[in-house]
Protein chains: 2
Amino acid sequence: MIDRETLRWNGWGWRAHKEPAEDAPALWSYLAETLGCGALPLEGPAELDERAFPPSRLTEDAREAFARAAPLTEAPGPRAFAARGRSYRDLLDLRALHFQPAPDAVVSPRTSAAVQAVIDAARDHDIAVVPFGGGTSVVGGVTPLDGWKQAVIALDTTRLTGILAIDRISMTATLQAGLYGPLLEQRLQEQGLTLGHFPQSFEFSTLGGWIAARGAGQQSNRYGKAEAWLVSARLATPSGPWATEGFPASAAGPRLTDLVAGSEGTLGLITDATVRVREKAKARDYRAWVFKGFEEGADVIRRIVQAGIPVSTLRLSDADETFFYGKLSRLVGGVKLKHRVEDVYLAFRGLSGSKCALIAGTEGDLDLVAYARNRMSEIAAASGGMPAGEGPALKWFAGRFHGPYLRDPMLDRGLGVDTLETAASWTDLMKVYHAVRRALAGAMATQATPSGSRGIVLAHISHSYPGGASLYFTYVWRRAADREAAITQWEAIKRAAGDAIAASGGTISHHHGIGTDHAPWMAGEKGPQGMSALRALKHALDPTGIMNPGKLGL
Amino acid sequence: MIDRETLRWNGWGWRAHKEPAEDAPALWSYLAETLGCGALPLEGPAELDERAFPPSRLTEDAREAFARAAPLTEAPGPRAFAARGRSYRDLLDLRALHFQPAPDAVVSPRTSAAVQAVIDAARDHDIAVVPFGGGTSVVGGVTPLDGWKQAVIALDTTRLTGILAIDRISMTATLQAGLYGPLLEQRLQEQGLTLGHFPQSFEFSTLGGWIAARGAGQQSNRYGKAEAWLVSARLATPSGPWATEGFPASAAGPRLTDLVAGSEGTLGLITDATVRVREKAKARDYRAWVFKGFEEGADVIRRIVQAGIPVSTLRLSDADETFFYGKLSRLVGGVKLKHRVEDVYLAFRGLSGSKCALIAGTEGDLDLVAYARNRMSEIAAASGGMPAGEGPALKWFAGRFHGPYLRDPMLDRGLGVDTLETAASWTDLMKVYHAVRRALAGAMATQATPSGSRGIVLAHISHSYPGGASLYFTYVWRRAADREAAITQWEAIKRAAGDAIAASGGTISHHHGIGTDHAPWMAGEKGPQGMSALRALKHALDPTGIMNPGKLGL
């Protein structure tokens with residue numbers, strides 16, 4: 001369990017983290033120039049003012065009912081931390097001390113039984129429950145919404161940190177849902193095992209959140225998305241405890257465990273899960289290649305995964321992203337470079353004519369790694385890839401969790417910055433790529449201030465499958481001055497991108513989830529029959545709609 | 001599309017098939033001796049007597065409504081074929097001309113739109129619909145049940161045979177659900193592709209059935225169970241057409257496509273599906289090993305799959321099965337042995353002290369096959385496996401669809417014969433194996449006639465996963481004389497086995513499905529919350545409960 005006092009309540013990660021970009025004025029000049037938006041004056045977020053915090057709306061009865069089940073606090077500090085996730089929209093609220101609505105209390109049960117008791121109390125008092133683990137949702141997944149119930153609690157899962165069972169024969173572990181990534185991996189790796197789930201949020205997110213949002217780690221080619229490593233789950237629901245099937249395979253009706261992955265707290269709260277684990281990799285090979293174009297690189301990824309080569313990571317940046325991070329690394333080059341994600345791209349600067357960087361990694365036992373490395377190299381070389389050695393890839397690997405720290409100093413300097421991601425079939429992938437780039441660039445040109453400024457769009461492929469791949473976009477623009485105008489501006493940009501994704505054949509999210517930000521596109525993906533099925537399912541488990549109301553559009 | 005006149009309406013497969021065991025009296029003597037039940041007189045099934053067939057209960061209105069949508073017949077021949085699947089229980093009914101209930105008509109739409117129109121008409125007239133593809137369910141999945149609606153139609157899907165799209169970039173095919181296995185593979189293989197789904201019923205079962213029952217092919221280690229290769233599905237439901245998501249991966253809420261796999265027609269009828277296809281394997285290596293014991297062999301399978309070695313088939317017979325099929329092959333050895341599944345085991349007879357036969361296969365490109373073969377051999381040899389060469393494995397491969405033909409001559413000679421299968425974690429697998437063997441042997445000793453006779457129990461592992469494996473049991477006993485007594489006898493044996501599976505940690509089915517036979521154990525696996533979720537889901541898509549009522553216990 002992490003002491004939340006050591007974390008930023010209104011930004012990313014550790015309070016103690018010093019972001020090197022802070023001390024790199026050349027970076028900010030470069031960004032201002034590229035965006036065409038003039039100087040970027042420094043203006044930090046507001047300090048937490050406890051007087052600005054709304055009073056709790058819990059009745060005495062409800063407070064007592066919750067307190068009988070688990071520790072409860074209505075103090076502004078914990079409520080502020082749990083008031084929002086870490087989406088761009090959330091950060092605009094937090095930086096402006098906009099806490100309407102905020103959770104009326106944070107309740108922190110220590111056992112699965114206590115979670116069920118808290119949910120029973122919420123049901124009996126008709127109070128909404130927002131499950132809150134690490135709180136790193138970037139799509140509004142843990143943001144309480146108005147208009148559903150008279151009061152709302154944040155149900156803090158991070159005291160559920162037990163390792164309930166490890167089965168070395170069947171290679172599964174049963175773990176409580178509130179385990180943060182580092183502690184979870186430490187406990188497994190002490191026994192020579194790994195879950196292998198390393199999302200960018202790894203240090204600050206929890207097992208339950210990974211499952212609830214159908215997350216993906218950076219080695220997902222080997223270890224799988226959450227729905228792939230999830231064997232079974234136990235949930236506390238307003239209709240009682242629900243344990244899903246845990247067989248290695250079955251034909252006993254539809255697999256209901258699949259409904260838990262992606263449920264985002266709307267059906268119940270995941271208290272613990274049995275997950276597939278593996279032997280900690282004995283060998284690892286990460287190396288970089290460069291390709292003339294994004295399409296050529298994507299084609300190499302497709303060939304590798306369709307040939308069934310056992311890789312762990314294939315991460316291809318487009319030309320703009322490869323260039324941008326190379327530039328960024330030079331501009332903050334005065335500071336210590338170790339552990340900086342952007343540094344990876346330095347190595348590519350000298351390779352003229354080659355524009356798109358691919359990090360290709362494989363992990364496992366020695367034989368498997370040797371086999372995969374050789375096969376990957378054959379395919380990459382046959383498609384005109386130029387080897388760029390292990391250095392850039394290992395640097396990327398070392399700094400792979402640090403990207404989000406760059407967001408806060410950008411926000412401090414009047415920029416807007418967000419990411420979005422999708423997945424599509426190989427057939428549609430380049431269509432989606434171009435459509436989203438065009439939509440983002442167009443909307444940022446329209447929305448960014450001052451008029452005439454432009455946005456930056458970077459993209460990469462980070463997850464791939466025999467049938468298709470993900471696309472991840474980072475985009476930066478000059479933010480409108482006040483919170484409401486900034487929200488309107490962001491909504492227009494987000495809407496343009498989301499509509500482009502839907503129109504070109506992508507899913508609205510590959511691994512961030514739906515939350516509130518993506519709900520407008522959810523119904524289109526699922527169709528009327530699908531949404532009707534989901535609503536029926538929610539009604540069966542949560543008849544009065546207390547569980548994370550409004551999320552998934554439910 | 002297969003002309004049903006060429007198929008047996010009351011038994012397995014082609015009318016024209018000549019089963020070699022018919023002409024092997026030594027086999028029947030051996031079985032009588034082993035079972036301790038005296039002689040086995042030959043008594044074939046009743047001929048179809050059209051006068052015994054119940055009249056159709058369709059009203060004039062309903063008949064006209066269906067006929068407007070699709071060709072309809074109320075003739076006894078087609079109704080008899082669609083009256084039951086091919087479970088042991090079904091065969092007892094068919095052989096005794098017990099058609100209560102029977103479908104009142106067989107409706108055979110030619111397009112997805114016509115399927116929807118038929119279901120709309122059934123909804124409007126409150127008539128039950130049993131989806132009927134190949135009709136090879138061995139768990140009562142296509143048997144109409146009394147007590148739900150005033151009339152019931154069999155919705156014959158086998159005129160839906162279109163190849164709607166093939167996407168060689170994303171490696172998917174969109175296929176209509178009524179395609180039988182051989183035509184489906186022929187069409188794909190003409191283009192160098194394969195689905196790779198080869199269940200024992202391959203020749204006589206359809207794509208829609210494979211998905212609806214969450215089937216598994218014999219090369220499932222490579223190609224996956226139905227739920228693994230299913231990309232998306234389109235269904236006709238009483239609430240309208242339903243198309244599920246088709247992304248290579250997504251985090252947009254729970255994946256509803258997963259609800260289609262295993263739905264057994266209870267939510268709607270699958271009209272077409274997009275499936276993952278692969279390049280037809282360029283290389284193939286199948287070879288046999290023998291192990292001293294079942295546990296040793298199982299452990300080798302576990303090590304192979306947990307090491308991530310890309311295999312296609314790992315099939316391990318226990319000592320009794322290895323011995324029995326060796327014996328069987330000798331006893332029918334006078335007839336042509338080619339294409340006989342049992343022949344495989346001949347090769348093991350001479351290997352003293354080694355009892356359990358493993359068929360280990362891998363398919364794919366040359367490099368992959370070489371890599372897998374070498375790694376598998378290392379692991380097998382390190383665990384005391386003795387290589388038995390390619391011959392037995394290739395013979396098994398050639399005859400792998402012929403097993404079910406042996407059932408009818410056994411029934412003709414007064415025997416009961418059934419199979420059941422389960423899956424469990426590696427940790428529970430041997431516990432389940434022994435519990436089921438004990439339960440079957442005990443129940444057959446109690447139930448078989450005459451008193452004092454005993455049953456035969458054979459078992460193998462045929463599907464394996466990092467977390468566990470399937471177990472497949474074949475069991476033979478002396479059947480009670482008349483139909484009702486035989487049903488009571490079988491129910492007692494089945495109940496003992498099912499209870500043993502549930503008590504020892506197995507699922508009630510790995511790939512046969514639930515149908516009617518397994519419904520008593522379904523609720524236990526899903527739990528009250530799970531069943532409530534499934535009922536709600538069904539109600540959303542099929543509010544009046546016309547779709548395959550009673551199946552899955554819904």
Side-chain angles (χ1 to χ4, degrees), chain A residues 167 169-172 213-214 225 231 237 239-240 242-243 245 247-256 258-259 261-263 276 306 308 310 364 367-368 371 375 423 425-427 463 465-468 507-514 522 525-527 529-530 532-533 536-537 539-541 552, chain B residues 167 169-172 213-214 225 231 237 239-240 242-243 245 247-256 258-259 261-263 276 306 308 310 364 367-368 371 375 423 425-427 463 465-468 507-514 522 525-527 529-530 532-533 536-537 539-541 552:
Chain A
D167 180 343
I169 300 300
S170 299
M171 293 298 275
T172 59
R214 284 176 76 181
K225 278 189 81 193
V231 175
T237 85
S239 298
W242 179 28
E245 325 90 322
F247 307 110
S250 173
R255 182 177 183 251
L256 301 182
D258 290 324
L259 294 172
S263 59
R276 181 183 172 201
Q306 288 182 350
D367 285 332
L368 184 127
Y371 169 74
R375 298 290 314 277
S425 69
W426 292 112
T427 312
H463 306 270
Y465 308 88
T507 175
I508 197 61
S509 175
H510 169 268
H511 61 269
H512 284 169
I514 291 292
M522 172 89 174
E525 289 197 14
K526 299 300 187 191
Q529 276 70 30
S532 158
L537 191 69
H539 187 74
L541 295 165
L552 299 184
Chain B
D167 180 343
I169 300 299
S170 300
M171 294 297 275
T172 58
R214 284 176 78 181
K225 278 190 81 192
V231 175
T237 85
S239 298
W242 179 28
E245 326 90 323
F247 307 108
S250 172
R255 183 177 183 249
L256 300 182
D258 290 323
L259 294 172
S263 60
R276 182 183 172 200
Q306 288 182 348
D367 284 332
L368 184 127
Y371 169 75
R375 296 292 312 279
S425 70
W426 291 113
T427 311
H463 306 270
Y465 308 87
T507 174
I508 198 63
S509 176
H510 169 269
H511 61 270
H512 284 171
I514 291 291
M522 172 89 174
E525 288 196 15
K526 300 301 188 191
Q529 277 69 32
S532 157
L537 192 68
H539 188 74
L541 295 165
L552 298 185

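Bear in mind that the values here come from a model prediction, so they are computed numbers and not experimental data. Just the heavy atoms: all of them, side chains too, but no hydrogens, waters or symmetry mates, feed the values below. In the text below, chain A, chain B and the rest are named by the order of the sequence lines, each starting its count at 1.
For chain B, the nearby part of A:Arg276 is the side chain; its heavy atoms alone come within less than 4.5 Å. Of the two parts of A:Ser532, the backbone and the side chain both hold a non-hydrogen atom closer than 4.5 Å to a non-hydrogen atom of chain B. Within the 4.5 angstrom heavy-atom criterion, atoms from both the backbone and the side chain of A:Ala533 approach chain B. For chain B, the nearby part of A:Ala243 is the backbone; its heavy atoms alone come within less than 4.5 Å. For chain B, the nearby part of A:Leu541 is the side chain; its heavy atoms alone come within less than 4.5 Å. Interface remark: A:Leu552 contributes side-chain atoms only to the contact with chain B (heavy atom separation under 4.5 Å). For a residue to count as touching a neighbouring chain, one of its non-hydrogen atoms must lie under 4.5 Å from one of that chain's; by this rule A:Pro466 touches chain B with backbone and side chain alike. Heavy-atom distances place both the backbone and the side chain of A:Met171 under 4.5 Å from chain B. Within the 4.5 angstrom heavy-atom criterion, only side-chain atoms of A:Asp167, from C-beta onward, approach chain B. In this structure, the portions of A:His510 lying under 4.5 Å from any heavy atom of chain B include both its backbone and its side chain.
Closest of all the heavy-atom pairs between A:Arg375 and B:Leu368 is NH1-N, 4.2 Å.
Judged by distance alone, the side chain of B:Glu525 and the main-chain N or O of A:Ala252 form no donor-acceptor pair under 3.5 Å. Distance alone, capped at 3.5 Å, places no donor-acceptor pair between the A:Arg214 side chain and the A:Lys225 backbone. Not one N or O on the side chain of B:Ser509 forms a donor-acceptor pair closer than 3.5 Å with the backbone of A:Ser250. Listed for the A:Glu245 side chain is a donor-acceptor partner under 3.5 Å among the backbone atoms of A:Leu256. A:Ser170 contributes a side-chain N or O that, together with a main-chain N or O of B:Trp426, makes up a donor-acceptor pair within less than 3.5 Å. Between the B:Thr427 side chain and the A:Ile169 main chain, no donor and acceptor come within less than 3.5 Å of each other. Of the possible donor and acceptor atoms, none in the side chain of A:Ser239 sits under 3.5 Å from a partner among the backbone N and O of B:Gln529.
Chosen from A:Gly527, A:Ser263, A:Gly240, the residue pairing most often with chain B at heavy-atom distances under 4.5 Å is A:Gly240. Contacts with chain A were tallied for B:Asp367, B:Ile514, B:Ile508, B:Leu537; B:Asp367 has the most, counting heavy-atom pairs under 4.5 Å. For the set A:Ala213, A:Ala249, A:Ala261, the count of heavy-atom pairs under 4.5 angstrom toward chain B peaks at A:Ala249. Options B:Gly364, B:Ala423, B:Pro310, B:Ser425 differ in how many heavy-atom pairs under 4.5 Å they form with chain A, and the most are formed by B:Ser425. Across A:Lys526, A:His463, A:His511, the residue that shares the most heavy-atom pairs under 4.5 angstrom with chain B is A:Lys526. The residue among B:Thr172, B:Leu259, B:Thr237, B:Val231 with the most heavy atom pairs within less than 4.5 Å of chain A is B:Leu259.
Using cut-offs of 30° and 60° for the angle between ring planes, the B:Tyr371 and A:Tyr371 rings count as parallel.
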